[in-house]
Visitor: 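Next up is a structure, given as structure tokens.
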Number of protein chains: 2
Amino acid sequence: MSETEEPNESLPQQMRSFEEACRDANLKLTHQRLEIYRELASATDHPSAETLHRRLQKAMPTLSLDTVYRTLATFEQHHLIKKVQTVDSQARYEARMIQHHHLICDTCKEIMDFYWTSFDASSVPEDIQAWGSIKNKNVTLYGTCRKCQAMKKGGNPA
Amino acid sequence: MSETEEPNESLPQQMRSFEEACRDANLKLTHQRLEIYRELASATDHPSAETLHRRLQKAMPTLSLDTVYRTLATFEQHHLIKKVQTVDSQARYEARMIQHHHLICDTCKEIMDFYWTSFDASSVPEDIQAWGSIKNKNVTLYGTCRKCQAMKKGGNPA
DNA sequence: CTTGGAGATAAGAATAATTCTTACGGTGAT
DNA sequence: ATCACCGTAAGAATTATTCTTATCTCCAAG
């Protein structure tokens with residue numbers, strides 16, 4: 001039952017960890033950086049730089065797309081966020097740094113996080129050790145989410 | 001012991017399956033398509049379009065990069081090859097369509113295939129079923145390969 | 001074995017995603 | 001309050017990929 005339970009961290013808590021990490025890394029706490037991080041940390045959909053920029057422009061009309069790209073790249077270099085592996089042309093990001101896995105819907109392309117503690121605890125096949133040392137294990141599940149299944153069955157009344 | 005053993009298919013055999021699949025899909029068997037497929041099927045390093053183009057140019061000097069892109073896209077649409085998920089800016093491809101997983105070296109960025117039949121046979125956490133139906137499960141392992149480990153220890157005598 | 005026509009290719013132009021350059025402005029140590 | 005440093009905005013530049021168009025190739029039917 002706790003196999004796939006979400007380990008929770010509140011946004012304010014996450015922002016404090018972030019600010020501390022920035023100070024440790026000698027990154028100045030600018031308004032732009034704080035807002036870009038807050039927006040990414042609040043999102044559940046693994047947004048691209050452009051998506052984040054669009055969402056932030058309402059509150060920060062002068063924010064440039066380049067700053068979003070540059071800031072995300074800086075965060076990634078300091079391991080404050082991660083680039084998500086996709087086959088899309090646009091890179092997508094996530095602020096969730098704890099061990100988790102991804103579910104991808106082949107229809108709406110949405111990426112969901114999930115947790116799988118028994119997999120995390122298990123070891124990989126022995127032969128793999130001949131290749132080198134493993135630091136991280138990630139599972140990606142592909143399928144169709146309930147929403148898209150329903151749309152296909154009922155037909156899309158667009 | 002057979003847990004991670006490689007299911008083998010010879011290149012000529014794979015070429016014949018490919019030609020048959022093209023005929024089934026009404027794709028003409030052009031010289032370019034055959035050579036691009038052969039090159040990809042022979043490669044073990046999940047090359048990008050540009051890499052394939054570079055390798056093929058020796059034998060086919062007039063082959064355009066656009067043809068490589070277009071042909072790979074066509075193959076992918078017909079499920080004859082796959083785009084590999086990466087965080088690189090260039091897309092990378094593979095011709096291996098049977099179930100397998102990836103090992104990625106964080107240093108040299110090389111992508112290796114591996115097999116894990118017991119994982120393939122296992123089922124995912126129950127809660128996942130609430131999300132939708134799963135069609136595919138893939139594992140990506142990150143680490144450092146022996147070659148790069150050795151280079152780090154001994155220093156790089158370049 | 002020729003031929004017609006659909007579909008594929010080459011070349012160069014165009015677009016999309018991301019990064020660089022430069023001048024300016026804000027941050028935080030003093 | 002001041003200054004040096006680093007971050008930002010704006011526009012130009014690069015890189016990856018795709019489109020346009022004229023030409024060419026494959027292959028089925030004569």
Side-chain angles (χ1 to χ4, degrees), chain A residues 18-40 46-54 56-57 59-78 80-93 109, chain B residues 15 18-40 46-78 80-81 83-93 109:
Chain A
F18 168 73
E19 290 173 28
E20 195 186 319
C22 280
R23 275 189 289 269
D24 290 351
N26 272 315
L27 292 177
K28 287 186 180 161
L29 287 172
T30 66
H31 182 55
Q32 289 89 336
R33 284 177 176 173
L34 284 165
E35 289 313 308
I36 291 170
Y37 185 84
R38 188 195 314 281
E39 189 67 40
L40 181 60
H46 308 76
S48 66
E50 205 180 339
T51 303
L52 283 172
H53 181 241
R54 183 161 12 85
L56 286 162
Q57 269 202 320
M60 309 170 70
T62 70
L63 179 71
S64 79
L65 177 57
D66 183 56
T67 294
V68 178
Y69 272 112
R70 197 164 10 75
T71 302
L72 291 173
T74 303
F75 289 170
E76 208 209 349
Q77 280 159 30
H78 290 276
L80 300 169
I81 65 169
K82 273 190 198 161
K83 240 186 199 170
V84 179
Q85 288 207 177
T86 65
V87 294
D88 301 343
S89 56
Q90 282 191 326
R92 296 173 66 173
Y93 297 86
K109 310 297 175 193
Chain B
M15 290 305 300
F18 169 73
E19 290 174 27
E20 196 185 319
C22 280
R23 275 190 289 269
D24 290 351
N26 272 315
L27 293 178
K28 288 186 180 161
L29 287 170
T30 66
H31 181 55
Q32 289 89 336
R33 283 178 175 172
L34 284 164
E35 290 311 311
I36 290 170
Y37 185 84
R38 189 196 313 282
E39 189 68 40
L40 181 59
H46 309 74
S48 66
E50 203 180 339
T51 302
L52 282 172
H53 181 242
R54 184 161 11 86
R55 290 178 189 167
L56 286 162
Q57 269 202 318
K58 289 161 196 164
M60 309 170 69
T62 70
L63 179 71
S64 78
L65 177 57
D66 182 57
T67 295
V68 178
Y69 272 111
R70 197 166 8 76
T71 302
L72 291 173
T74 304
F75 290 170
E76 208 209 350
Q77 278 159 30
H78 291 276
L80 300 169
I81 66 169
K83 239 184 201 174
V84 179
Q85 287 207 177
T86 64
V87 294
D88 301 343
S89 57
Q90 282 192 325
R92 296 174 67 172
Y93 297 87
K109 310 298 176 193

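Order of the sequence lines sets the chain letters (A, B, ...), proteins ahead of strands, with each chain counted from 1.
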Visitor: Taking atom C1' of D:dG7 as reference, at what distance in whole Å does atom CG of A:Leu72 sit?
Guide: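 Taking atom C1' of D:dG7 as the reference, CG of A:Leu72 is at 15 Å.
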Visitor: What is the distance, rounded to the nearest whole Å, between atom CG of B:Leu29 and atom P of D:dA28?
Guide: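 Whole-Å distance recorded here is 10 Å.
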Visitor: Looking for any heavy atom pair under 4.0 Å, which part of the strands does B:Ala91 touch: base, sugar-phosphate only, or nothing?
Guide: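 B:Ala91: backbone/sugar contact only, no base atoms under 4.0 Å.
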Visitor: Compare the minimum distances between each of D:dT8, D:dA16, C:dT9 and the side chain of B:Arg33, then state the nucleotide with the smallest one.
Guide: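 Taking heavy atoms from C-beta onward, the closest nucleotide is C:dT9.
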Visitor: Between P on C:dT27 and CG on A:Asn26, what's the gap in Å once rounded to a whole number?
Guide: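 A:Asn26 atom CG is separated from C:dT27 atom P by 17 Å.
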Visitor: Go nucleotide by nucleotide along DNA chain D from the 5' end; which of B:Ala73 and B:Thr30 gets its closest nucleotide reached first?
Guide: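 Whichever sits nearer the 5' end wins; that is B:Ala73.
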Visitor: Looking at the side chain of A:Leu27, which of C:dA8, D:dG7, D:dT17 is the nearest nucleotide?
Guide: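 Nearest to the side chain of A:Leu27 among the choices is D:dG7.
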Visitor: How many whole angstroms separate atom OH of A:Tyr69 from atom C1' of D:dT14?
Guide: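 Answer to the nearest Å: 13 Å.
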Visitor: Among C:dA11, D:dT17, C:dT18, find the nucleotide with the atom closest to the side chain of A:Leu65.
Guide: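 Nearest to the side chain of A:Leu65 among the choices is C:dT18.
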Visitor: Measure the distance from CZ on B:Arg23 to C1' on C:dA8 and round it to the nearest whole Å.
Guide: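 B:Arg23 atom CZ is separated from C:dA8 atom C1' by 17 Å.
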Visitor: Under the criterion side-chain contact (heavy atoms from CB on, under 4.5 Å), which of B:His53, B:Glu39, B:Arg55, B:Arg54 is the partner of B:Pro47?
Guide: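 The passing option is B:Arg55.
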Visitor: Any chance you could measure B:Phe18, atom CZ, to B:Leu40, atom CG, to the nearest 0.5 Å?
Guide: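 If we round to the nearest 0.5 Å, B:Phe18:CZ and B:Leu40:CG are 9.5 Å apart.
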Visitor: Are any of the side-chain nitrogens in B:Arg38 or B:Glu35 under 4.0 Å away from the carboxylate oxygens of its partner?
Guide: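 Yes, this pair counts.
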Visitor: Cut-off 3.5 Å, side chains only: do B:Ser64 and B:Thr67 have a donor facing an acceptor?
Guide: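 The criterion, which ignores hydrogens and geometry beyond distance, is satisfied for B:Thr67 and B:Ser64.
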Visitor: Can you tell me how far C1' of D:dG7 sits from CD of A:Glu35, to the nearest Å?
Guide: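 Atom-to-atom, A:Glu35 to D:dG7, this comes out as 16 Å.
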Visitor: Quick one: A:Glu50 CD to C:dT19 C1', roughly how many Å, whole number?
Guide: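 Rounded to the whole Å, the gap is 15 Å.
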Visitor: Here's a test of your reading of the structure: between B:Lys28 and B:Asp66, which maps to the more 5' nucleotide of DNA chain C?
Guide: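 Closer to the 5' end of DNA chain C: B:Lys28.
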Visitor: Ignoring backbone atoms, test whether A:Arg70 places a side-chain nitrogen or oxygen under 4.0 Å from the OP1 or OP2 oxygen of D:dT8.
Guide: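 Looking at the OP1 and OP2 atoms of D:dT8, one of them is under 4.0 Å from a side-chain N or O of A:Arg70.
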Visitor: When the distance from CD of A:Gln77 to C1' of D:dG7 is rounded to whole Å, what number comes out?
Guide: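 In whole Å, D:dG7 C1' and A:Gln77 CD are 14 Å from each other.
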Visitor: Kindly point out which of C:dA17, C:dA8, C:dA11 is positioned nearest to the side chain of A:Gln90?
Guide: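 Minimum distance to the A:Gln90 side chain belongs to C:dA17.
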Visitor: Would you please say whether a donor-acceptor pair under 3.5 Å links the side chains of B:Thr51 and B:Ser48?
Guide: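 There is such a pair between these side chains.
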Visitor: So, OP1 or OP2 of C:dG26: does either fall under 4.0 Å of a side-chain N or O from A:Gln32?
Guide: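 No, outside the criterion.
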Visitor: Does B:Ser48 reach a base, just sugar-phosphate, or nothing at all? Heavy atoms under 4.0 Å.
Guide: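 Counting heavy atoms under 4.0 Å across all strands, no contact is made by B:Ser48.
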